[in-house]
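Nothing here was measured: the structure is a model prediction, and the numbers come from that model.
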Amino acid sequence: MDNNLLSAIETNWQGFAISIFVFGILFLLARKRIGFGTRVLLGLGTGLIAGVFLQYFELETEAIKTFGSIYVSLIRMLVIPLVFVLVLNSISSLTNLEYLRKIGIKTFAWFLGTTGVASIIGLSVALLFNPGKGIQQAVPEGFEAREIPTFSQVILDLVPSNPVNEAATGKVVPLLIFAIFLAVAIIKVGSKKPEAVKPVRDLIESLTTVLHQVVKFVIRLTPYGVFALIAGITARYGWETLQELGSVIITSYVALIIHFVLIFGGLVLLVAKVNPLRFFRKIYPTLTVAFTTRSSYATLPVNLEVITKRLHVSPRIASFVAPLGASVNFNGCGGIWPAIVAVFTAQVFGIQLTGTDYVTLVLVSIISSIGVAGVPGPAVISTTVVLTALGLPLEGIAIVAGVEALIDMGRTAVNATGTTVTALLVANSEGEFDREAFNRGDDDEEILLNAV
């Protein structure tokens with residue numbers, strides 16, 4: 001055991017030393033009351049530099065990646081209790097079920113509508129850039145296409161059967177549905193016997209307050225986690241990989257940026273009638289965490305803080321939309337990415353797509369974004385469904401697998417932003433968006449600025 005420890009120190013001391021040095025700087029900046037956002041961006045920048053350095057000199061990155069994994073694990077630790085308690089709290093605080101139906105319909109309409117638009121953008125940009133043109137790559141050995149869940153299996157996976165087991169295995173959607181059942185029952189019983197549900201309401205409210213404090217503890221580690229995650233990702237990819245599939249990366253990010261700026265920015269400006277630049281500046285903690293963790297669930301605690309503290313959307317809207325968005329809102333993974341991979345695969349294998357295929361692609365992207373809710377790896381499943389519907393070889397997924405992690409960073413950031421935009425739009429339509437507080441400036445909105 002001692003030899004293993006000494007060997008690990010000998011081979012990883014460079015990465016460990018770099019991490020400790022950067023962590024020390026970030027901690028000192030926190031003690032000097034430097035803004036949370038500034039420290040996050042500094043962590044991102046130093047992570048890029050450290051990753052390039054480690055990759056260039058072919059140094060071990062295990063130590064840095066371990067720090068990043070610890071941060072992600074701490075955030076994921078919060079997901080299950082947050083989803084359960086916050087959904088329970090937001091719905092049980094309602095006075096009637098009509099309001100729940102109304103905000104539910106609006107939320108799903110925005111989720112599905114923006115996913116459809118994302119698919120159209122991905123398709124258009126892919127046809128313009130031709131990412132598969134001239135690419136000749138062999139399918140990696142041992143590639144096996146992921147099996148598409150049957151319709152009955154998808155439905156069964158969404159229905160809660162053992163909430164305790166589903167919480168233990170990380171199945172968020174069944175737990176969310178169970179929380180909705182409990183919340184509706186609290187509303188029904190409370191309308192007839194308020195005194196019977198008062199202790200339960202008090203317990204839920206108390207748990208919500210305590211969980212928010214735990215979230216603050218973990219989010220304070222974001223600058224350190226962002227540094228470690230981005231350094232590990234940057235060190236992982238060499239120039240050769242980027243060069244071979246650079247057209248796919250460029251096409252994907254052009255589509256993601258167009259959707260981010262034009263669609264999200266347009267909705268914020270024209271529907272919510274707020275300044276898009278101010279909006280994007282306020283949500284950058286969500287963008288940074290989503291980009292580096294590549295997980296909508298891991299981003300959920302930060303997104304809740306951003307939506308309520310920086311956007312000034314009411315907690316009951318945020319607590320309903322944000323957990324739901326982390327489960328079913330896939331603008332990047334279910335809209336843009338499957339469209340680009342479909343066009344790429346058709347070009348690589350010399351298959352001509354027709355106008356009917358394009359319509360089918362968009363419709364299937366919208367439907368599959370619902371069907372993969374709660375399924376691990378939603379981007380792969382959505383893409384598999386789309387390629388199968390168009391009769392395209394599934395080997396196309398294997399060809400782009402080498403750079404998918406890089407693209408997944410942008411996809412997740414777009415997914416998380418879509419959830420944030422939807423929360424703002426729903427709150428604005430329901431009169432639960434504090435516009436005056438939103439426009440006051442950022443001095444009182446910076447979340448978790450102080451050192452631990």
Side-chain angles (χ1 to χ4, degrees), residues 69-94 97 100 104 107-108 146-147 149-190 193 196-219 293-305 315-316 318-330 370-378 381 415 419:
S69 298
I70 290 172
Y71 171 70
V72 173
S73 295
L74 288 174
I75 286 190
R76 285 180 174 164
M77 165 189 78
L78 298 169
V79 171
I80 293 298
L82 265 181
V83 168
F84 183 72
V85 173
L86 295 185
V87 169
L88 197 58
N89 184 54
S90 65
I91 297 177
S92 63
S93 65
L94 304 178
L97 298 179
L100 174 62
T107 300
F108 270 100
R146 288 189 61 171
E147 182 181 351
T150 62
F151 176 78
S152 59
Q153 188 60 47
V154 169
I155 298 300
L156 287 173
D157 286 342
L158 297 180
V159 177
S161 58
N162 184 341
V164 175
N165 180 64
E166 278 144 1
T169 54
K171 294 182 178 179
V172 177
V173 177
L175 196 67
L176 188 151
I177 293 174
F178 176 61
I180 291 174
F181 270 105
L182 279 179
V184 170
I186 291 172
I187 295 172
K188 295 288 282 185
V189 174
K193 298 179 179 178
V197 297
K198 187 179 184 305
V200 179
R201 290 183 189 273
D202 291 342
L203 175 62
I204 294 170
E205 190 173 338
S206 178
L207 283 173
T208 302
T209 304
V210 172
L211 270 176
H212 275 303
Q213 184 58 56
V214 177
V215 167
K216 289 180 181 180
F217 290 148
V218 175
I219 293 179
T293 63
R294 297 167 44 208
S295 170
S296 294
Y297 288 136
T299 310
L300 177 58
V302 178
N303 211 6
L304 280 164
E305 288 284 305
R316 67 176 177 176
S319 298
F320 177 80
V321 175
L324 200 61
S327 304
V328 301
N329 184 38
F330 301 120
I370 306 172
V372 300
V375 179
I381 294 295
N415 291 345
T419 298

How long is the span from the CG atom in L304 to the CG atom in L78, to the nearest 0.5 Å? 10.5 Å

Least distance between heavy atoms, P81 atom then L211 atom: O-CD1, 3.6 Å

Given side chains that start at C-beta, do those of F320 and L100 come closer than 4.5 Å, heavy atoms only? yes

Over all atoms of both residues, closest heavy-atom pair of P160 and I177: CD-CG2, 3.8 Å

Considering residues at least two apart in sequence or located in another chain, which fulfil the side chain to side chain donor-acceptor pair (under 3.5 Å) criterion with T299? none

Determine, step by step, whether V200 and L182 satisfy the side chain to side chain contact (heavy atoms under 4.5 Å, CB included) criterion, reporting the C-alpha distance in whole Å, the side-chain angles of both residues, the deciding distance to 0.1 Å, and the verdict. CA-CA 11 Å; V200 179; L182 279 179; over 6 Å; no

Could you measure the distance from the CD atom of E205 to the CG atom of L88? Nearest 0.5 Å is fine. 12.0 Å

Rounded to the nearest 0.5 Å, how far apart are CZ of F178 and CG of N162? 9.5 Å

Which atom names give the shortest non-hydrogen contact between A318 and P323, and what distance separates them? O-CD, 3.7 Å

Nearest heavy-atom contact between V218 and Y71 is O-CE1, 4.1 Å

Do side-chain atoms of E166 reach the backbone of S161 as a donor and acceptor pair under 3.5 angstrom? yes

Residues Y297 and A326: closest non-hydrogen pair is CE2-O, 3.5 Å

Is it the case that the side chain of S206 and the backbone of D202 share a donor-acceptor pair, with hydrogens and angles ignored and the cut-off at 3.5 Å? no

So, taking the atom named CG in L300 and the one named CD1 in I80, what distance separates them when rounded to the nearest 0.5 Å? 10.0 Å

For a quick test of reading the model, state the closest non-hydrogen atom pair linking L175 to P163 and the distance between them. CD1-O, 3.8 Å

From N303 atom CG to S296 atom OG, the distance as rounded to the nearest 0.5 Å: 9.0 Å

F108 side, atom CZ; L324 side, atom CG - distance, nearest 0.5 Å: 4.5 Å

